[in-house]
Amino acid sequence: MSSHGYETGRLDLPFVGIATFGKRPYVQDWDKIDADVAVLGAPFDFGCQFRSGARFGPRSVREASTLFSFGHAGAYDHEDDATYLDASVRIVDIGDADIIHTKTDESHANIAYGVKKILDAGALPVTIGGDHSINIPCIKAFEDNCAENGPIHVVQIDAHLDFVDERKGVTDGHGNPMRRALERDYVSGMTQLGIRNVSSTAREGYIDARARGSDILSVRQVRALGTQSVLERIPEGARYYVTVDIDAFCPSIAPGTGTPSHGGFHYYDVLEILQGLSKRGDVVGIDLVEVAPAYDPSESTQILAAQLLLNFIGFIFHNKKQTSA
């Protein structure tokens, strides 16, 4: 039985020390990433069409993640009778991509560079935004990886379709990323979950998304189908890139976002899909976006984001271990 270190290790309370993601080691030199998971901050929010502030998302999610830094031998889940994120899962925080104010192309290029460095090191990239436009460089960074390992299927969890082609010359804002993703020949398809109400895309965009291989379900449709039926609509055995916009959740539990939309998911709606996805194929990339902490003085939004990411990472590597055993 592994030691939890309660007697021999530091107490290391959440408010002590440097707030890296999960209080994991910081790697400044991106040529020396040696880990299973590398967390990159992408504090870019110039793609917003309404309330800004997601540039502070990475910092706030990192700070929230320190709440879950207890337990030197991982986190035991009594429902699954499994210990997640034990010492065998090596997670590092590589800091933030450099953001150049008012410069979208240059900032996005720096984000893509960070994700590619993680992929080249053989680690799982977990990128914390920032607005949803940061998904554009994240997906772009997979070009060489997909040429070697095969295409990716994008799973989006979001309130908005984000499938706008162009508005007034804007092609790389936070309403465009899913369109830009499906334009890439190494993206084999897309599943868009949680899309609801007054969305970001006109009817023609929905028609086009479906024609290009997207499966679109609202929150109510996801709940009516149930988790297992939703998972069965997603190609089995594929390589998955998962992008989570925090506004997929109901603002009653996640108000800290720029474009809140009522009627959203609750925590277990999403967690059970992510857990099932981690058993169904190979999760090769993750981003979580649109946490804007200024709009949530309770800090529950960023706590939810950190908890979701840590659980998801735990599921991924637990299932890898079970598969290889």
Side-chain angles (χ1 to χ4, degrees), residues 80 124 132 135 138-139 142 146 149-164 175-197 199-250 261 263-289 308-309 311-316 318-320 322-323:
D80 297 339
L124 172 71
H132 213 159
N135 174 263
C138 288
I139 296 295
F142 270 81
C146 289
N149 299 299
I152 52 175
H153 182 93
V154 175
V155 178
Q156 175 198 11
I157 298 173
D158 200 332
H160 309 98
L161 198 70
D162 292 347
F163 208 80
V164 176
N176 308 111
M178 298 302 104
R179 174 77 176 229
R180 300 287 85 85
L182 268 183
E183 289 172 345
R184 299 192 177 277
D185 58 10
Y186 51 87
V187 175
S188 58
M190 187 174 291
T191 302
Q192 299 180 270
L193 305 176
I195 315 304
R196 61 188 184 272
N197 301 330
S199 190
S200 60
T201 305
R203 181 174 182 270
E204 291 78 9
Y206 284 79
I207 294 169
D208 196 13
R210 291 188 173 104
R212 291 170 182 254
S214 181
D215 186 20
I216 304 167
L217 295 173
S218 69
V219 172
R220 289 187 292 185
Q221 289 169 328
V222 167
R223 287 176 177 161
L225 285 167
T227 300
Q228 190 56 40
S229 293
V230 170
L231 289 168
E232 288 170 0
R233 298 168 70 109
I234 300 171
E236 188 172 12
R239 286 169 17 103
Y240 306 127
Y241 185 97
V242 180
T243 178
V244 180
D245 188 322
I246 206 69
D247 68 26
F249 292 93
C250 183
S261 178
F265 287 124
H266 293 159
Y267 180 68
Y268 282 108
D269 294 330
V270 174
L271 189 73
E272 290 175 5
I273 290 170
L274 296 181
Q275 185 170 19
L277 199 64
S278 71
K279 299 175 182 178
R280 191 166 177 81
D282 187 15
V283 178
V284 297
I286 302 167
D287 67 58
L288 186 146
V289 299
L308 189 77
L309 286 175
N311 272 301
F312 191 21
I313 295 167
F315 295 148
I316 291 166
H318 177 75
N319 290 318
K320 284 181 184 292
Q322 297 295 105
T323 303

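Keep in mind that this is a model prediction, so the values were computed, not measured. Quick note: residue numbers are just sequence positions, from 1.
- Considering only heavy atoms from C-beta on, Tyr267 comes within 4.5 Å of Asn311 through its side chain.
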*asked:* I'd like to know whether His318 forms a side chain to side chain donor-acceptor pair (under 3.5 Å) with Asp80, so could you lay out the CA-CA distance, the side-chain angles of the two residues, the decisive distance to 0.1 Å, and finally the verdict.
replied: CA-CA 11 Å; His318 177 75; Asp80 297 339; over 6 Å; no

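- Remark: Gln228 pairs with Leu231, Glu232 by the side chain to side chain contact (heavy atoms under 4.5 Å, CB included) rule, at least two apart or across chains.
- Contact record, Cys146 with Arg239: SG-NH2, 3.6 Å, taken as the closest heavy-atom pair.
- Listed by chain and number, the residues in a side chain to side chain contact (heavy atoms under 4.5 Å, CB included) with Pro235 are His153, Ala238 (sequence neighbours excluded).
- The side-chain hydrogen bond (donor to acceptor under 3.5 Å, both in side chains) test applied to Asn176 returns no partner, not counting sequence neighbours.
- In this structure, Ser261 and Asn197 approach most closely via the heavy-atom pair OG-ND2, 3.5 Å.
- Within the structure, every pair that satisfies the salt bridge (charged side-chain N to carboxylate O under 4.0 Å, His left out) test and touches residues 276-289, not counting sequence neighbours, is listed here: Asp282-Lys320.
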Solution key, residues 207-215 side-chain donor-acceptor pairs under 3.5 Å, sequence neighbours excluded:
residue : atom : partner : partner atom : Å
Asp208  : OD1  : Arg212  : NE           : 3.0
Asp208  : OD2  : Arg179  : NH1          : 2.6
Asp208  : OD2  : Arg179  : NH2          : 3.3
Asp208  : OD2  : Arg212  : NE           : 3.3
Ser214  : OG   : Gln192  : OE1          : 2.5
Asp215  : OD1  : Arg233  : NH2          : 2.8
Asp215  : OD2  : Arg233  : NE           : 2.8
Asp215  : OD2  : Arg233  : NH2          : 3.4

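- Of all non-hydrogen atoms in Leu217 and Val230, the two that sit nearest each other are CD1-CG2, 4.3 Å.
- Under the 4.5 Å side-chain criterion, counting only non-hydrogen atoms from C-beta, Thr227 is not in contact with Gln275.
- Considering only heavy atoms from C-beta on, His132 comes within 4.5 Å of Asp158 through its side chain.
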*Mind running side chain to side chain donor-acceptor pair (under 3.5 Å) on Gln156 and Asn135 for me, showing each step along the way?*
CA-CA 10 Å; Gln156 175 198 11; Asn135 174 263; over 6 Å; no

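- When all heavy atoms of Leu271 and Phe315 are compared, the pair lying nearest together is CD1-CE1, 3.6 Å.
- The shortest side-chain heavy-atom distance between Ile316 and Ser278 falls under the 4.5 Å cut-off.
- Inter-residue side-chain proximity for Ile273 and Val155 is flagged as unmet; no heavy-atom pair is nearer than 4.5 Å.
- Every residue two or more places apart in sequence or in another chain that forms a side chain to side chain contact (heavy atoms under 4.5 Å, CB included) with Val187 is listed here: Ile139, Ile152, Val154, Leu182, Arg184.
- For the side chain to side chain contact (heavy atoms under 4.5 Å, CB included) test, residues two or more places apart in sequence or in another chain that qualify with Asp269 are Arg223, Phe265, His266.
- Listed here is the closest heavy atom pair of Leu161 and Thr201: CB-OG1, 3.6 Å.
- Residues that satisfy the side-chain hydrogen bond (donor to acceptor under 3.5 Å, both in side chains) test with Ser188, not counting sequence neighbours, are absent from this structure.
- Minimum heavy-atom separation, Ile195 to His160: CD1-O, 3.4 Å.
- Looking at residues two or more places apart in sequence or on another chain, you find a ring-ring contact (aromatic ring centres under 6.0 Å, His included) between Tyr241 and Phe142.
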